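Accompanying notes for the structure given below.
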Amino acid sequence: MGELRFNENLCLNCTTFDCLKKCKFVKLNGAKGNLEMLKIARGEDSTVLRTCITCYACEEYCEKGNHPFYLISEKREEKGIDIVPRPILKQWINLGEPVGRYKVGELREKTLSFGFVPEFLQWVKGKLFEDVMPSYVFGQEFFCNVAYLHFGRTSVIKQRLPIVMDNFSKLGIKEVICLHDECYGAFTSLAPAFGIEVPFKPIHYYEYILKRLEQLKDKIRPLNIKVAYQRPCSSRLSPPMHYLAREIFTSIGVELVDRVYQDENALCCGEVVRLQGLYDLAEELQRENIEDIVKSGAEYCVFNCPYCYAALGHKLIKKGVKPIHIIELCRMALGEEV
Amino acid sequence: MRYEEVIHRCFRCGYCKFTRNYYDFNCPSYLKYKFDTFSPGGRMWLIRAWLKGEIKNSPRLQEIFFSCATCANCVECCPFQFSEDLVEIFIAAKEEMVNSGIVPPQVRDYLKNIYTYGNPYKAPADERDRWAEDLPIETYEGHEYLFYVGCVGSYDERGRKIAKAVANLLIKAGLSMGIMRNQEICDGNEVRALGDLELFRHLAQRNIRLFKERGVKKIVTLDPHAFNAFKNHYKELGGNFQVHHYSQILAPLVNSGVFPLGRLEARVAFHDSCYLGRHNGEYQSPRAILRAIPGVELVELERNSENALCCGGGGGNFFTDILGGGENHPSRIRIKEALESGVSILAVTCPQCAKMLEDAAKAIGVDEELEILDVAEVVERAIGP
Amino acid sequence: MKESIKSALIEIAGEEYVSTFEEELYFYGRDPGLSFPSNPHYVVLPENTEEIQQIVRLANKEGIPIVPLGAGLSLTGLAIPRRGGIVIDMKRMDRILEVNEKARFVIVEGGTSQGKLQAYLEKHYPRLRHSIPDAPPTATIAANVVIHGQGRLSQQYGFNSDLVAGMEVVLPSGEICKVGSCAVSPYWFSKGPPLPDISGLFLGWFGTTGIITKLAIKLYPRKKMRDLEIFVTDNENLISDIIYEVTHTEMVEDITIFAQPWPLFFKDNSHICIYFTGDTEEELEFKRRVIWKALEKFIESKEGGFMWVQPSMKPTFLDMPQRSVARFADVKRGGGFEYSGPILLVEKYPECMRKLRELSTKYNLAYSAMARIIDTAHCMMFAFAFAFNRADEDMVERARRAMAEVSKFIIEVGGVFWKPTVEEQKLTIEHIDSGTLKLLKMIKNHLDPNNIMNPSNWELR
Ligand SMILES: Cc1cc2nc3c(=O)[nH]c(=O)nc-3n(C[C@H](O)[C@H](O)[C@H](O)COP(=O)(O)OP(=O)(O)OC[C@H]3O[C@@H](n4cnc5c(N)ncnc54)[C@H](O)[C@@H]3O)c2cc1C
Ligand code: SF4
Ligand code: SF4
Ligand code: SF4
Ligand code: SF4
């Protein structure tokens, strides 16, 4: 357990090396992408280990099912290459430390996981969740810890994630509906890649919501609004789920506008880049992203990730675009006050 | 004492004395007395001293405890976790005094009268519905709503006018409702606020029994104090009713054309009553009604909504008069504030506020320039004869 | 208590405003800190300067102490009447007398609270502000300058007492003295210059040389927007370098630092809160960038970084006063905290932190370090703060002992006590230059020959 399953052979025979070719951030200066990946896999140094900003995207870009980004993260730590300032790293590691302040509702075999996102305590209510609520878990004890990829600390994930799994099974939970798709990514992509066993069935909340909307069909009041969508980094760990967002929009009468930075071409919300101390890059990313959203003519910008929401929401408001989480949007369509 | 484990946690920082925006001090008893002992923090420290035996029950201590108007400004403004318990802590301290049998004479008399007469006025039950003599109002008999009037609305001269106005509007609105007439008794809110929890339970149980026997499910009342008691303190005794303040019933109707509202050219300010506002979060309904009246210019007082200044009548002070009169009485300060905002009508939604503020306006000699009217009375005026 | 004195006080202030009730004596004999209680004999609430003059004359005649009191929030027992006597609660004198907008000063009465002035300016002069301390808003402006407080503008303009622009003081004799430009001019724009500056006869004296009945303080521009960034580091040795760079930008309003072990998110790090203001988005963003760039080298070396202050966290930090500071008193669910807040060089930060941690372990106490940078980093206030549970005698005693050790340490490290307890005042006197002491004695003995003014404070005889 804990060993990353990275298949060097795939890279050796790879002709596309989409991972780094499509990457918006690392500059290869003519080097061949697959050879660079092989260097990293074999423990050699590579500029990629310093220039990757942890946008997770190459996990999706690699069509061979290899794990380029997990590899980068693993090797960074091995080689002692820090990407965020030490105090920030400590802060975040401390943040995720279980301290026994978790919350659980009335648990059943199927439960909602709020991960460690306090916003869900407010957002998750109403008809949409009637089926499972108040069966939920919240707190560091249920935090997937995948965020430490942003800090180049797979060791923290490997140490904590099995305990988290354990916490779920100790409560007799059989099915976990993940409200943060990073958790879903943890259970369906990262855990298998590191040989960590998942003792329950993970369900992405988009799957759940779609099913509920179908059931609540006659309660839906089509919203007839135009929205832009901000795809988060974590969604790169479960690309098929990303495309369910469109189906959700269709079912509640919402028009998803076209914009440059969407789907595979999505742009990182920039906040992690800021934590890395890359002020100018972070500013540029956020400026471009927001300009793109504004240009798209959307009235709302819909978020999947509460942290993207926190990063961009207040800036969007200043530009006249209303930020909203997809859960709130669905609840709005069900006539609930948000 | 209940809450004994909490009282030492007060830091006596004084946030509780202010409005939330620091405009001015806003604890009515502190405003009146100006000694820190009459502020919420002062009370907290003295309750602790008393329980620890460092000070004794004295007329001064009683004055300090019983001058609290239970206005909940401190609840709103104290930054500590226990803030929401503050009013209950002060009630618990009064309860402790009541149980020890040593309370101010006015308090003792008030409680005795309620116990004996079911109202503080020592008035016969048969006079309860005198206010309704010439109104086509029905006796409660399976109506959708019970119209609960309360002691002040039933017996006080000023209160009766308000009861009439409210009843008139509800009748005009076609609400299915009736009154209990001589069977109505005190709701017990002030009894509870004065710390006699036993008497409160007794009253509440009597009311609950009566309401249940008569099949009451929904209650509408003109009195925020009754509203509070029914809504927040009857549940634990088995009284589960849908409770509404009349303004909540009227607000959605004012624009519907049920009342033919004429023009009323007036600058009007609204004084939030503590038991509707801070205690129950209802700030909008009365304002919505006033706004709907053509010609009314609704202005906000400096201290409004969550920051509103209590009239000084709460916590039984309306009856016991422990806060007393004088220059610094909150009702006078409130009147001056209203004058400064240049209004000719100060609207209220509580018969106690109405009386307190009207008396203050008279005492200052400005009752000609500034009328104190219940929102229902303002609406009536707009409807015309 | 003497009936004759009580009646004389009633004669002066009116019956409602004089108390000899046990309840008031109990309450006014205490403060929220660790000091031992000592009850007054009388509490009086005067309405104006004349009444104060009469009370002072009465006290002189009777030879009894008087202690002026604001909100009693200095935490170090400065307004506890150690020798009984009369507590003068100043809070009825809370009028805001005059604002001169263009000359940016305000004249208030001696009992006016910080909160009231803050709200008044926000409403009537939205382009002006004063240097708001993080004390609860009931704290009085006069007492705050009397103890050389610091506020949101101290990083830019110095101690709040540096921002005094004039005073009216009732001397221990009962006479009135005007201090500053107002002594010769109708305008209260300067506390001294170009005259001999006698404000020092009262500022820092804790009411032992006179009672401030009117006070002018300087006001400053209030920009439309205000924001903060928090720079964190676990390398305490770098704090003074970081502060040096930030203050060099001349772009920042306030700088405070906090470090505490709980919640875990804050563990291991010092948090430098850098506040800045702007009238436009552009101005604000420009300053933000300048501040970031100034600290880039610490980020590159991975020794420090800007933390993500999520929008939901911001109100807590931007609040003025910062209510969360008072909430520290509830960390042990016990309504108490006290801090010793010496004024010292910023470079002493690491030593102070080491001491604080050491004492917190030794005495098993919850701690918090809170520092405020003063006057472009000429010095800082470093608060060694311990929370305690008022109902836990043992913890209260441990906190007292920890505080005593802090006092010794402060002298060692070259610090100067701020709002010192009586014990710390004694330590100061022990260590003070002999010539200085002589002059201080001359001043005190001359001004207050009967030693009636807040006695036991600055006891120089
Ligand atoms: C949570 C908290 C946070 C704090 N944060 C800050 C801060 O950020 N900055 C800061 O500076 N302080 C701070 N303090 C300390 C203190 O509360 C303030 O300095 C406050 O301004 C003191 O004012 P007061 O009215 O409470 O003074 P008091 O304690 O009432 O009086 C202080 C001294 O002044 C004397 N005095 C009072 N009025 C007069 C007068 N009119 N003339 C002459 N002498 C007088 C008193 O006798 C006493 O010696 C804080 C305190 C707390 C509890
Ligand atoms: S990680 Fe995937 S895309 Fe990248 S080189 Fe290897 S196989 Fe190719
Ligand atoms: S995670 Fe993003 S930045 Fe890093 S290599 Fe992959 S695509 Fe590039
Ligand atoms: S009740 Fe709350 S706000 Fe008031 S003094 Fe006590 S702790 Fe402070
Ligand atoms: S409830 Fe009102 S009157 Fe009573 S202590 Fe609190 S603020 Fe003062």
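Note that the coordinates shown come from a computational prediction; the quantities given were computed from them, not determined experimentally. Reminder, nothing fancy here: chain letters follow the sequence lines and each chain counts from 1.
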Exercise for the section: Could you check whether the rings of B:Tyr30 and B:Phe25 sit parallel, tilted or perpendicular, using 30° and 60° as the cut-offs? Expected result: perpendicular
Practice task
Please work out whether the ring planes of B:Phe11 and C:Phe337 are parallel, tilted or perpendicular, with thresholds of 30° and 60°.
Solution key: parallel
Problem - Counterpart residues, salt bridge (charged side-chain N to carboxylate O under 4.0 Å, His left out), relative to B:Glu5 (two or more places apart) - result: none
Practice task
Mark yes when over 12 heavy atoms from residues, nucleotides or ligands other than B:Lys34 sit less than 6.0 Å from its NZ; otherwise mark no.
Solution key: yes
With a 4.5 angstrom heavy-atom cut-off, which part of [X] approaches chain B: side chain, backbone, both or neither?
X: C:Gln118; result: side chain
X: C:Asp89; result: side chain
X: C:Ala71; result: neither
X: C:Leu75; result: side chain
X: C:Val87; result: neither
X: C:Arg323; result: both
X: C:Phe27; result: both

Against chain C, label [X] side chain, backbone, both or neither, depending on which of its atoms sit under 4.5 Å from a heavy atom there.
X: B:Asn21; result: backbone
X: B:Phe35; result: both
X: B:Cys77; result: backbone
X: B:Ile64; result: side chain
X: B:Cys13; result: both
X: B:Tyr33; result: backbone

Practice task
Answer yes or no for B:Lys17 and B:Phe38: cation-pi contact, defined as NZ/CZ to six-membered ring centre under 6.0 Å and angle to ring axis within 45°.
Solution key: no
Exercise for the section: Taking all non-hydrogen atoms of both residues into account, name the closest pair between C:Ser368 and C:Gln260 and its distance. Expected result: OG-OE1, 3.6 Å
Under 4.0 Å between a Lys/Arg side-chain N and an Asp/Glu carboxylate O for [X] and [Y]?
X: C:Lys91; Y: B:Asp36; answer: yes
X: C:Asp392; Y: C:Lys332; answer: no
X: B:Arg60; Y: C:Glu23; answer: no
X: B:Glu327; Y: B:Lys336; answer: yes
X: B:Arg20; Y: B:Glu306; answer: no
X: B:Glu95; Y: B:Arg2; answer: yes
X: C:Arg95; Y: C:Glu109; answer: yes

Problem - Any residue of residues 39-56 of chain B which, by heavy atoms, sits under 4.5 Å from chain C - result: B:Gly41, B:Gly42, B:Trp45, B:Leu46, B:Arg48, B:Ala49, B:Glu54, B:Ile55, B:Lys56
Handout entry: Best-contacting candidate, B:Phe82, B:Phe18, B:Tyr23, against chain C by heavy atom pairs under 4.5 angstrom
Key = B:Phe18
Fill in the blank from the handout: Pair count under 4.5 Å, heavy atoms only, with chain C: among B:Arg9, B:Gln81, B:Glu302, highest is B:Arg9
Exercise for the section: Could you tell me whether a side-chain N or O of B:Asn73 sits under 3.5 Å from a main-chain N or O of B:Cys16, the two making a donor and an acceptor? Expected result: yes
Report the option among [options] that has the most heavy-atom pairs separated by less than 4.5 Å from atoms of chain B.
options: C:Glu24, C:Glu22, C:Arg327; value: C:Glu24
options: C:Ala391, C:Pro137, C:Gly336; value: C:Pro137
options: C:Gly115, C:Gly33, C:Ala119, C:Ser113; value: C:Gly115

Handout entry: Polar contact flag, side-chain donor to acceptor under 3.5 angstrom, B:Asn57-B:Gln62
Key = yes
